Amino acid sequence: PDPSMDNVLALSMDRHDEIAELARDFEEMRVQVEERENALQESRSVLTATLEATHDGVLVINETGAVSHFNTRFIEIWSIPQDHLHEGRDEGLIDFVLPQVKDPAQFTTEIDRVYESSEISEDTIYLKDGRILERLSYPLIQGSRETGRAWFFRDITKRIELEDTLRKNYLQLQSIYKRLPVILWSVDAEGFFTMSEGKELESLGLQSGQVVGQSLFELYKDFPDIIEHTDKSLKGESCEYVTHVMGHYYHMFHTPFFDDNDAVQGWNGLAINVTETRRTQEEIRHLRNYLANIIDSMPSVLVGVDAKG
């Protein structure tokens, strides 16, 4: 056999093996890339689902100032065309929403301040159409480097309106409490006062809210009837009784309140000052006893006769 031909065949076999190995390496790399792409696609799907599930409008800006992610709620809140978002940058979005804001200077000043720091920020935005937005911003950190910012916008208009209504109602109730001869209070499940209002607090030498945060068990430890009925109320029982405190008589009412699992969370109390009524009743009783004693001590019989004889 020709030695040169053997060399050619050996080289050919080596080249074939080399190509086969390269093909295997390429296939492994292709599979790895495909797996990474699938994992990345899955992560994107999870991220998209998460963004769409939240009630907040979400906008993510990368470190170059370009829009990275957003959700449908963000579009709804600011009425921004999707094309504008896909092609937009942070500066363009600010210019778009600025005419909707009551105080544009405050709006942009806060953005500039936040971008110059790495802090978490929170503020309130008032829009010209009457809506009120809560704005939160979080830095995106990768390793030791800030890679962008996430902005969250929530419409809190109804919440603010409800809080305002509750505040007005509470002030109205307070004005009523201050005129009525009653004491109203609330106690939590541990027996600590959470509310204390009413004109009759004056009769105990107290002011509105003075005992809030203090323990009923400690303040009234020398009044066993109050402690006894408090224990009953904290077990879920409504109570009604009359007690005597610091020279005054009070008609007491306890009403427990519960959570969704019917566990007692505390109780509300109402105390009506019945001192004058009680004193009148005592005076009438004493007068009756006095008259009865006079009649019993007389030697003759008294007979009542009407106007007709």
Side-chain angles (χ1 to χ4, degrees), residues 36-37 39-168 170-171 188 192 194 209 212-213:
R36 290 176 182 176
E37 288 179 347
L40 181 60
Q41 183 61 40
E42 183 177 351
S43 298
R44 286 175 177 168
S45 298
V46 171
L47 175 60
T48 299
T50 302
L51 290 176
E52 292 302 324
T54 181
H55 294 293
D56 295 337
V58 182
L59 174 68
V60 181
I61 303 295
N62 66 22
E63 58 189 326
T64 68
V67 175
S68 175
H69 298 90
F70 60 89
N71 66 351
T72 302
R73 184 63 183 139
F74 177 76
I75 296 173
E76 293 172 350
I77 288 176
W78 291 107
S79 301
I80 300 175
Q82 283 207 27
D83 292 344
H84 195 84
L85 276 163
H86 284 299
E87 300 172 2
R89 295 181 58 81
D90 196 23
E91 300 88 345
L93 293 178
I94 293 173
D95 292 339
F96 185 90
V97 304
L98 214 52
Q100 304 178 48
V101 178
K102 276 189 176 181
D103 189 346
Q106 186 274 336
F107 183 83
T108 54
T109 297
E110 178 64 11
I111 292 175
D112 293 339
R113 187 191 69 80
V114 169
Y115 273 130
E116 291 175 359
S117 71
S118 296
E119 67 180 42
I120 297 172
S121 73
E122 178 179 356
D123 69 328
T124 303
I125 303 168
Y126 295 87
L127 303 184
K128 292 179 179 178
D129 62 8
R131 287 179 297 151
I132 304 171
L133 303 181
E134 180 182 70
R135 175 172 62 179
L136 299 172
S137 178
Y138 293 83
L140 303 178
I141 308 296
Q142 185 173 358
S144 59
R145 185 169 62 92
E146 187 172 327
T147 60
R149 269 198 171 265
W151 297 87
F152 299 84
F153 300 87
R154 175 169 293 190
D155 189 336
I156 58 172
T157 309
K158 291 183 178 180
R159 190 185 82 191
I160 295 297
E161 290 175 348
L162 178 60
E163 290 175 353
D164 187 54
T165 300
L166 290 174
R167 189 180 302 108
K168 290 178 180 177
Y170 179 71
L171 292 175
D188 66 17
F192 288 91
T194 58
V212 170

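Note that the coordinates shown come from a computational prediction; the quantities given were computed from them, not determined experimentally.
For Glu134, the side-chain hydrogen bond (donor to acceptor under 3.5 Å, both in side chains) test picks out no residue, with sequence neighbours left out. Applying the side-chain hydrogen bond (donor to acceptor under 3.5 Å, both in side chains) test to Trp78 and every residue at least two apart in sequence or in another chain returns nothing. Applying the salt bridge (Lys or Arg N to Asp or Glu O under 4.0 Å) rule to Asp103 yields no partners; only residues at least two apart in sequence or on another chain are considered. Scored by the salt bridge (Lys or Arg N to Asp or Glu O under 4.0 Å) test, Lys168 finds Asp164 as partners (sequence neighbours excluded). By the side chain to side chain contact (heavy atoms under 4.5 Å, CB included) test, Gln142 is found to be paired with Arg145, Thr147, residues two or more places apart in sequence or in another chain being considered. Remark: Pro139 engages Ile120, Ile141, Glu146, Arg149 in a side chain to side chain contact (heavy atoms under 4.5 Å, CB included) (not counting sequence neighbours). Qualifying ring pair (Phe, Tyr, Trp, His ring centres under 6.0 Å) partners for Phe192, counting only residues two or more places apart in sequence or in other chains: none. A search for salt bridge (Lys or Arg N to Asp or Glu O under 4.0 Å) contacts involving Glu161 returns nothing, not counting sequence neighbours. Taking the side chain to side chain contact (heavy atoms under 4.5 Å, CB included) definition, one finds that Phe96 meets it with Ile80, Pro81, His84, Gln100, sequence neighbours left out. Shown here are the side chain to side chain contact (heavy atoms under 4.5 Å, CB included) partners of Asp95, two or more places apart in sequence or in another chain: there are none.
Once rounded to the nearest 0.5 Å, the distance linking CZ of Phe70 with CG of Leu93 reads 9.5 Å. Separation of atoms CD1 (Ile160) and CZ (Arg167) is listed at 8.0 Å; rounding is to 0.5 Å. A distance of 12.0 Å separates CG in Asp56 from CZ in Phe74, rounded to the nearest 0.5 Å. To the nearest 0.5 Å, atom CD of residue Glu91 and atom CD1 of residue Ile111 are 10.0 Å apart.
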| field | Worked check of side-chain contact (heavy atoms from CB on, under 4.5 Å) between Val60 and Val67 | value | CA-CA 6 Å; Val60 181; Val67 175; over 6 Å; no

Name the atoms and distances for all side-chain donor-acceptor pairs under 3.5 Å in residues 125-132, with sequence neighbours left out.
| unit_1 | atom_1 | unit_2 | atom_2 | d |
| --- | --- | --- | --- | --- |
| Lys128 | NZ | Pro99 | O | 3.1 |
| Asp129 | OD1 | Arg131 | N | 3.0 |
| Asp129 | OD1 | Arg131 | NE | 3.3 |
| Asp129 | OD2 | Arg131 | NE | 2.8 |
| Asp129 | OD2 | Arg131 | NH2 | 3.1 |
| Arg131 | NH1 | Ile77 | O | 3.0 |
| Arg131 | NH2 | Ile77 | O | 3.2 |

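Within the structure, every pair that satisfies the salt bridge (charged side-chain N to carboxylate O under 4.0 Å, His left out) test and touches residues 109-119, not counting sequence neighbours, is listed here: Glu110-Arg113, Arg113-Glu119.
Atom OH of Tyr138 has 12 or fewer heavy atoms from other residues, nucleotides or ligands within 6.0 Å.
Asp155 places a side-chain heavy atom less than 4.5 Å from the side chain of Leu133. In this structure, the side chains of Ile156 and Glu163 stay at 4.5 Å or more apart for every pair of heavy atoms.
With Asn62 contributing its side chain and Thr64 its backbone, the two residues share a donor-acceptor pair below 3.5 Å.
Using cut-offs of 30° and 60° on the angle between ring planes, the pair Trp151 and Tyr115 is perpendicular.
What you find for Gln106 and Thr124 is that their closest heavy atoms are OE1-O, 4.4 Å.
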